[in-house]
Amino acid sequence: MKHKMVSLIALGGLCLALWNGAARQALAAPLNANVARTPNAPVGIEVFQTSLAPYGRWFQHEKYGLVWTPTVVDVRWRPYTVGNWVYTDYGWTWNSDEDWGWATYHYGRWNFDTGIGWVWVPGYDWGPAWVSWRNGNDWLGWAPLPPEIVWDNGFVEVGLMDSLIPPFYYNFVEERYFNAPRLATYIAQAPRNVALIRETNNITRYEFINQRVLNKAFDTRRIEQATGQAVRTYRIEEAKGPNALRRFQADSGSVSFYRPHLERDNHPFSDENLRRQTEERRTLQQRQQEDRERLHQRHQQELNNPPHGLSPDNLNQRHAEELRELEQQHQRETQLLNNRHATGHDGDATPKMAQHRR
């Protein structure tokens, strides 16, 4: 089932300080020229490299180019856990307590590499938070979006999103604790996520209104009813730099964020490889759904007109076996496609010039 929502783009690529040609190709990433601009004067994207260096290391990832991983966190750390959610004029906004959070939770994407841990893939466009949301049975959960979540003509499929985000990416809290100032205390243990995923639905919804990306997955009234407290809307103001003291200004009802308007390379490359992989996953899921529907129709026909010599019990048993075989086939197909994507053996991945809408 397709859910319409403002599309999300796989944000990638931070250029090396020297900006040589080889680095540009390594940092290929899809860009979106229609995301809201901040009033700050344009700066070079090396602001990420300089500001984040004290808290982690930069390296070339075989799939995503130049990425950053924090080295001042515990091995059990996960993104979007050290801080709290606040409601602003951009919707639900992540208010990080980490010194690098101004960049890593509002630009780009996160990916978990089994050999390295969490890595951040930089991006150009600011958002209140780039996460997937789930809700159900008085629980709220959020997970960092992976780089593969891309824009696609104004839509993104929730089913596709769910297939790309493993359960351990999520942080779940009971709704009554959602507005706590230190959410990490209330986040459920990660092993519970498997059950919580089954008990919740994806409610991710981003809007693009008045040149702003709005994170409007759920209404503030849900939190007010669960907590018995009013949810205040804060106005986002511009901080002067990454080291500026970021704090709530209760009297003025504002909170400051450093949101630099990043200069884009004059000749940016579009990461067509990630886009193609997403389209291949979507196509496979559509075909697999068609398989299920065809098999269901045939089973229904046989139930209405049973084949000669088959008892109802035997027919039901055969139908169950066919369903199991179909799901096993789909699992093999999905695993094969994932392996091809992981190894890079998925066709021509030559970068092409991005066609930007102005």
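The chain is numbered in sequence order, starting from 1. None of these values were measured; they are calculated from a predicted model.
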Compare all side-chain heavy atoms of [X] with those of [Y] and state whether any distance is below 4.5 angstrom.
| X | Y | result |
| --- | --- | --- |
| Leu326 | His330 | yes |
| Asn179 | Tyr87 | no |
| Val121 | His61 | no |
| Arg176 | Tyr186 | no |
| Arg198 | Val194 | yes |
| Pro146 | Tyr64 | no |
| Glu321 | Glu325 | no |
| Trp94 | Val131 | no |

Q.
Between Gln329 and Glu333, is there a side-chain donor-acceptor contact under 3.5 Å, judged purely by atom types and distance?
A.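 Looking only at side-chain atoms, Gln329 and Glu333 do form a donor-acceptor pair, the distance falling under 3.5 Å.
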Between [X] and [Y], what is the shortest heavy-atom contact and its length?
| X | Y | result |
| --- | --- | --- |
| Trp77 | Pro70 | CZ3-CG, 3.8 Å |
| Asn111 | Pro147 | CB-CD, 4.0 Å |
| Ser96 | Gly101 | OG-CA, 3.6 Å |
| Pro260 | Tyr107 | O-OH, 2.8 Å |
| Ala188 | Arg78 | O-NH2, 3.9 Å |
| Ala103 | Leu52 | CB-CD1, 4.0 Å |

Looking at [Y] and [X], is there a salt bridge between them, counting it only when a charged N and a carboxylate O are closer than 4.0 Å?
| X | Y | result |
| --- | --- | --- |
| Glu279 | Arg282 | yes |
| Asp74 | Arg76 | no |
| Arg192 | Glu199 | no |
| Glu322 | Arg298 | yes |
| Asp113 | Lys63 | no |

Main-chain N/O of [Y] paired with [X] side-chain donor or acceptor, under 3.5 Å:
| X | Y | answer |
| --- | --- | --- |
| Tyr177 | Thr185 | no |
| Asn202 | Thr204 | yes |
| Asp89 | Ile236 | yes |
| Asn171 | Pro79 | yes |

Q: Begin with the C-alpha distance, continue with both residues' side-chain angles, and end with the deciding distance and a verdict on side-chain contact (heavy atoms from CB on, under 4.5 Å) for Leu262 and Val47.
A: CA-CA 9 Å; Leu262 300 176; Val47 67; 3.9 Å; yes
Nearest 0.5 Å please: distance from the [atom1] atom of [X] over to the [atom2] atom of [Y].
| X | Y | atom1 | atom2 | result |
| --- | --- | --- | --- | --- |
| Tyr258 | Lys240 | OH | NZ | 13.0 Å |
| Ile203 | Arg134 | CD1 | CZ | 9.5 Å |
| Thr88 | Arg235 | OG1 | CZ | 11.0 Å |
| Ser163 | Arg281 | OG | CZ | 7.0 Å |
| Leu145 | Ile165 | CG | CD1 | 5.5 Å |
| Leu337 | Leu284 | CG | CG | 6.0 Å |

Without placing hydrogens or testing angles, list every side-chain donor-acceptor pair under 3.5 Å for residues 304-311, not counting sequence neighbours.
{"residue": "Asn304", "atom": "ND2", "partner": "Gln300", "partner atom": "O", "Å": "3.2"}
{"residue": "Ser311", "atom": "OG", "partner": "Asn314", "partner atom": "N", "Å": "3.2"}
{"residue": "Ser311", "atom": "OG", "partner": "Asn314", "partner atom": "ND2", "Å": "3.1"}

(Q) Apply side-chain contact (heavy atoms from CB on, under 4.5 Å) to residues Trp126 and Val213 and explain how you reach the verdict. (A) CA-CA 8 Å; Trp126 192 92; Val213 176; over 6 Å; no
(Q) Given the ring of Trp130, does Arg109 sit roughly above its face, with NZ or CZ under 6.0 Å from the centre of the six-membered ring and within 45° of the axis? (A)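 Yes, Arg109 lies over the aromatic ring of Trp130.
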Q. With respect to His319, which candidate in Glu302, His296, Arg324 satisfies the side chain to side chain donor-acceptor pair (under 3.5 Å) definition?
A.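 Exactly one candidate clears the test, Glu302.
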Q: Give me the one residue out of Phe59, Trp110, Trp118, Trp120 that meets side chain to side chain contact (heavy atoms under 4.5 Å, CB included) with Val67.
A: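 The single option meeting the side chain to side chain contact (heavy atoms under 4.5 Å, CB included) with Val67 is Phe59.
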So, applying ring pair (Phe, Tyr, Trp, His ring centres under 6.0 Å) with [X], which one of [options] is it?
| X | options | result |
| --- | --- | --- |
| Trp142 | Tyr170, Tyr80, Trp85 | Trp85 |
| Phe48 | Trp102, Tyr55, Trp68 | Trp102 |
| Trp92 | Trp133, Phe218, Tyr206 | Phe218 |

Q | Step-by-step side-chain contact (heavy atoms from CB on, under 4.5 Å) determination, Val231 to Glu224 | A | CA-CA 6 Å; Val231 174; Glu224 291 176 338; 3.6 Å; yes
Q) side-chain contact (heavy atoms from CB on, under 4.5 Å) between Arg259 and His106: does it pass, once the steps are laid out? A) CA-CA 8 Å; Arg259 304 188 299 162; His106 303 286; over 6 Å; no
